[in-house]
Amino acid sequence: MIISDSKMNSTPKPRLRFAPSPTGHLHIGGARTALYNYLLARQTGGTFILRIEDTDLERSTPESIQAILNGMNWLKLKWDEGPFFQTKRFDLYQQHIDKLLKEGKVYPCFCTAEELDRKRKQAQSEKRKPMYDRTCFNLIKEEVRQKIDAGQPYCIRFKSPDSGETVVHDVIKGDVVVANKELDDLIIRRTDGSPTYNFTVVVDDVTMAITHVIRGDDHLNNTPRQIQLYEALGYPLPIFAHVPMILGSDRQRLSKRHGATSVIAYKEMGYLPDALLNYLARLGWSYKDQEEFTRPELIEKFSLKSCSVSAGVFNPEKLLWLNGVYIRKAKPDDLTTLIIPFLEKKGIQHIDKAVLLEGVKISQEKVKTLVEMAEMVDFFFMEVEPDEKLKVKFFTDETRPILKKIIDRLNALDPWAHDPIAAVFNHLVVETALGLGKIAQPVRVALTGRTVSAGVFEIIRILGKEKTLERIKKFV
RNA sequence: GCUCCCAUCGUCUAACGGUUAGGACGCGGCCCUCUCAAGGCCGUAAUACGGGUUCGAUUCCCGUUGGGAGCGCCA
């Protein structure tokens, strides 16, 4: 009886990781990968690990590390272990290299980057697949010794098998088989002594006891090489799952050209983290016809088995719609807290929280982002000045007498509440035989400076008698 | 060029080999309405192509075409 790989590898408590390289912000695709790992960890009672892959000393920056952490925190993708940094683990990698060296599974290569570059270009111009030609593998022992003694710099290459095939048992893609002759001897340690990606992932995933490797399918081509390294090292394989890419509207890999790709940019545009997560979850995964998922539902229902196998196009309109859904569902108190930075950004200093709460309640179902919501409530806290065009259109010889009446009647109003306020307007509708729109719209403009807002009766109520009358009086 | 992956409405996707091919976003129309939304109803639109297998293919197999990824001393 043969036990399947997945069975052999399924330990009671899964350990999953998200392993970004700190060379920029946390982007949409990375966030989704992080989310899938997170969801599975939570679903299974497993562990979610954050590992920073910073072996590229040239391009890794502290700012990027912070940006990734900020993104993760904003999305509330809480990790259980880490962040671990590969730059702090060089000793570990070196130990593994020494072991392979001793076993003759790797070898020093003295070829210079320039030489290799030349050969690569030549191969490409001859329409051949660029592969290392094993110049240094074929060196005899004596030559190797001489070069090393002479102090010639070298990197370390992995001697990959040249026959047979390597198969990836991928949970999403199925079995992917690659002929070993397609894989050349990859560099696992650079001339400067630092280890390279394909090697460090393997060592890390093994030493961190990662059970499930879930990542973008741009890594699928690397996986056979990594499997060879696992085998050379004598380590068991994790379960692999390669999630499809996220593309832009032109079906090219998602990039800045397609608009915002940074998670934090969505925060700044007034998106709610749970809305983004919900959207991302559904881009590449589905559960029947369901579109909206709370976080506990995602944790409960997410499955690699129902991940899609083909790339998906990022659709900002659908994300915007979903954000609107989340804003409508949100507790007014929470929105009140969230909206304050957006108001401050507009230069609004003194915010009456009670007024803001009321404002939030009446605009909640009219907006799709926090930015829009700030637009919708800002006039409560600042003087308004309608455009000249609006003034001309709404404050006319016809409307001024009506506004005057409104002022008088509101002034006499007691109590100051929605229904009496509505009654003032409704009586005027009857008296003047004008539509409510005709009467309410000039008031709206006087009060908010705009033609679009929440209901005027509510606005009048919240704004209070003094401010309401003051603002209308300016236009009679 | 070589290797790998992929292919259902414009987009995200659903459909034990048997469905009038379903849902969602968007778009259009109607209703509601103090503006804008929200909501309700209706509509629009897809199995890339060609061969097989089968009583029957969106579904399984092969090919073509198209798209994506990899081929770095990047990750």
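In what follows, every heavy atom counts, from backbone to side chain, and hydrogens, waters and symmetry copies are set aside. Proteins come first, then strands; the chains are lettered A, B, ... in the order of their sequence lines, and each starts at number 1.
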_With sequence neighbours excluded, residues passing salt bridge (charged side-chain N to carboxylate O under 4.0 Å, His left out) with A/Asp250_ = A/Arg257
*asked:* Within the 4.0 Å heavy-atom criterion, would you say A/Glu182 contacts the bases, only the backbone, or no part of the nucleic acid?
replied: sugar-phosphate
*Sequence neighbours excluded, which residues qualify as side-chain hydrogen bond (donor to acceptor under 3.5 Å, both in side chains) partners of A/Gln86?*
A/Glu53, A/Thr200, A/Asp204
*Could you run down nucleotides 63-75 of chain B 5' to 3' and tag each one B, S or - for protein heavy-atom contact under 4.0 Å?*
-----SBBBSBBB
*Taking atom P of B/U3 as reference, at what distance in whole Å does atom NZ of A/Lys173 sit?*
18 Å
*Expressed in angstrom and rounded to an integer, what is the separation of A/Leu320 atom CG from B/C12 atom P?*
18 Å
*asked:* Distance check, P atoms only: B/A14 and B/A75, in whole angstrom units.
replied: 35 Å
_Integer angstrom distance from the P of B/C42 to that of B/G10_ = 22 Å
*If a protein heavy atom is under 4.0 Å from the base, mark B; if only from the sugar-phosphate, S; if neither, -; do that for nucleotides 26-35 of chain B going 5' to 3'.*
--------BB
*asked:* By the 4.0 Å heavy-atom rule, please label A/Arg450 as base, sugar-phosphate, or nothing.
replied: nothing
*Does A/Lys318 have any side-chain hydrogen bond (donor to acceptor under 3.5 Å, both in side chains) partners at least two apart in sequence or in another chain, and if so, which?*
A/Glu291
*A/Gly284 near the nucleic acid: base, sugar-phosphate alone, or nothing, with a heavy-atom cut-off under 4.0 Å?*
sugar-phosphate
*Would you please name every residue forming a salt bridge (charged side-chain N to carboxylate O under 4.0 Å, His left out) with A/Asp387, sequence neighbours left out?*
none
_What's the gap between B/G17 and B/C61 when it is taken at their P atoms, as a whole Å value?_
12 Å
Could you write out each protein N or O paired with an N or O of nucleotides 14-18 of chain B at a distance under 3.5 Å?
| residue | atom | partner | partner atom | Å |
| --- | --- | --- | --- | --- |
| B/A14 | OP1 | A/Ser286 | OG | 2.9 |

*Classify the nucleic acid contact of A/Val201 as base, sugar-phosphate or nothing, counting any heavy atom under 4.0 Å across all strands shown.*
nothing
_With sequence neighbours excluded, residues passing side-chain hydrogen bond (donor to acceptor under 3.5 Å, both in side chains) with A/Glu385_ = A/Lys391
*In whole Å, what separates the P atom of B/C62 from that of B/C6?*
12 Å
*According to the side-chain hydrogen bond (donor to acceptor under 3.5 Å, both in side chains) rule, which pairs have a member within residues 429-439 of chain A, sequence neighbours left out?*
A/Arg409-A/Glu431
*For B/U13 and B/U58, measure between their C1' atoms and round to the nearest Å.*
14 Å
*Considering residues at least two apart in sequence or located in another chain, which fulfil the salt bridge (charged side-chain N to carboxylate O under 4.0 Å, His left out) criterion with A/Lys393?*
none
*Please name all residues satisfying side-chain hydrogen bond (donor to acceptor under 3.5 Å, both in side chains) with A/Ser310, sequence neighbours left out, ordered by chain then number.*
none
_Strand partner of B/U8, provided both Watson-Crick or wobble distances fall under 3.5 Å_ = none
*Round to the nearest Å and state the distance from A/Ile246 atom CD1 to B/C6 atom P.*
18 Å
*Distance in angstrom units between A/Glu292 CD and B/A24 C1', rounded*: 10 Å
*Identify, with sequence neighbours excluded, every residue that meets salt bridge (charged side-chain N to carboxylate O under 4.0 Å, His left out) alongside A/Lys301.*
A/Glu297
_Go nucleotide by nucleotide along RNA chain B from the 5' end; which of A/Asp175 and A/Arg328 gets its closest nucleotide reached first?_
A/Asp175
